[in-house]
Amino acid sequence: MGLLDILLGRSRAVAADLDRLFALPAAAVGLEAAAGFRPTGQGAVCFATVEGAAFERTHREIHALLDADAGRTPVELTHDSYGYSWLVSRRSPDELPLLVNDLHAVNSTLEAAGFGPRLLCSLAGFAADDGRRLALVYLYKRGTFYPFAPLDGGQRRDNALELRIRAALAEELPVEADLGRWFPVWGAPGL
């Protein structure tokens with residue numbers, strides 16, 4: 001950052017560090033101990049919808065890469081009501097490291113194909129015995145995580161739980177400090 005940037009109050013975006021996703025399995029142990037949430041085996045990568053031959057080629061490459069494992073559910077491409085696309089991966093709940101590998105592979109493949117600026121976030125789903133759901137969301141452009149805990153019955157969040165999870169995982173994950181960037185991911189597949 002230069003002097004002019006400092007004087008004008010500009011800051012540079014944090015570079016994405018996809019290897020931070022590999023901290024999720026260790027964080028999951030802490031999450032279960034602190035709050036009783038266990039992995040669901042579902043995760044997803046969200047990106048601004050892309051069309052065209054280049055994306056179709058990349059999409060086929062992702063499918064070929066991840067669907068080579070014959071014992072798994074195929075990766076699914078869905079679109080939400082906000083106009084974003086999601087590549088959803090499903091694994092057994094005890095296969096969180098494999099799910100994280102899937103999320104990393106999807107992000108890396110999209111980034112290598114030139115779609116990095118369109119990547120928004122990745123998430124891994126968790127659930128408690130009482131039915132509460134939680135996602136640990138990785139913000140691609142910030143290189144940080146935050147918890148998202150939707151409440152049943154509408155578009156409401158369990159803010160107290162999110163703050164408790166933030167405190168519990170502060171040593172495990174780079175948690176997004178700006179609460180204004182803890183965007184809701186209503187209806188996200190994989191949650």
Thr58 side chain to Leu110 backbone, donor-acceptor under 3.5 Å: no
Gln42 side, atom CD; Phe126 side, atom CZ - distance, nearest 0.5 Å: 12.0 Å
Smallest separation among heavy atoms of Tyr84 and Cys46, with atom names: CB-SG, 3.7 Å
CZ on Arg57 to CD1 on Ile62, rounded to 0.5 Å: 12.5 Å
Approximate separation, where rounding is to 0.5 Å, of Asp129 CG and Phe37 CZ: 10.0 Å
Pairwise distance CZ(Arg118) to OH(Tyr140) - rounded to 0.5 angstrom: 13.0 Å
Ring geometry between His59 and His63 (parallel below 30°, tilted from 30 to 60°, perpendicular above 60°): perpendicular
Reported CG-to-CG distance for the pair Asp102 and Leu21, which is rounded to 0.5 angstrom: 11.5 Å
Exam field: side chain Arg38 to backbone Pro93, donor-acceptor pair closer than 3.5 Å: no
Nearest heavy-atom neighbours spanning Leu99 and Gly43: CD1-N, 3.7 Å
Side-chain donor/acceptor of Arg90 to backbone N/O of Gly41, under 3.5 Å: no
Minimal non-hydrogen separation, Leu18 against His104, with atom names: O-CD2, 3.2 Å
Ser122 side-chain N/O to Leu103 backbone N/O, donor-acceptor pair under 3.5 Å: no
For Ala28 against Pro39, the heavy-atom pair lying closest together: CB-CG, 4.3 Å
Donor-acceptor under 3.5 Å (Lys141 side chain, Cys121 main chain): no
Side chain to side chain contact (heavy atoms under 4.5 Å, CB included) between Leu136 and Leu24, intermediate numbers included: CA-CA 8 Å; Leu136 290 181; Leu24 277 173; 3.7 Å; yes
Pro189 versus Val88, closest heavy-atom pair with distance: CB-CG2, 3.5 Å
Residue among Phe145, Trp182, Tyr146 satisfying side chain to side chain contact (heavy atoms under 4.5 Å, CB included) with Leu139: Tyr146
Pairwise distance CG(Asn101) to CG(Leu66) - rounded to 0.5 angstrom: 9.5 Å
Nearest non-hydrogen partners of Phe148 and Pro184, listed with the distance: CE1-CA, 3.5 Å
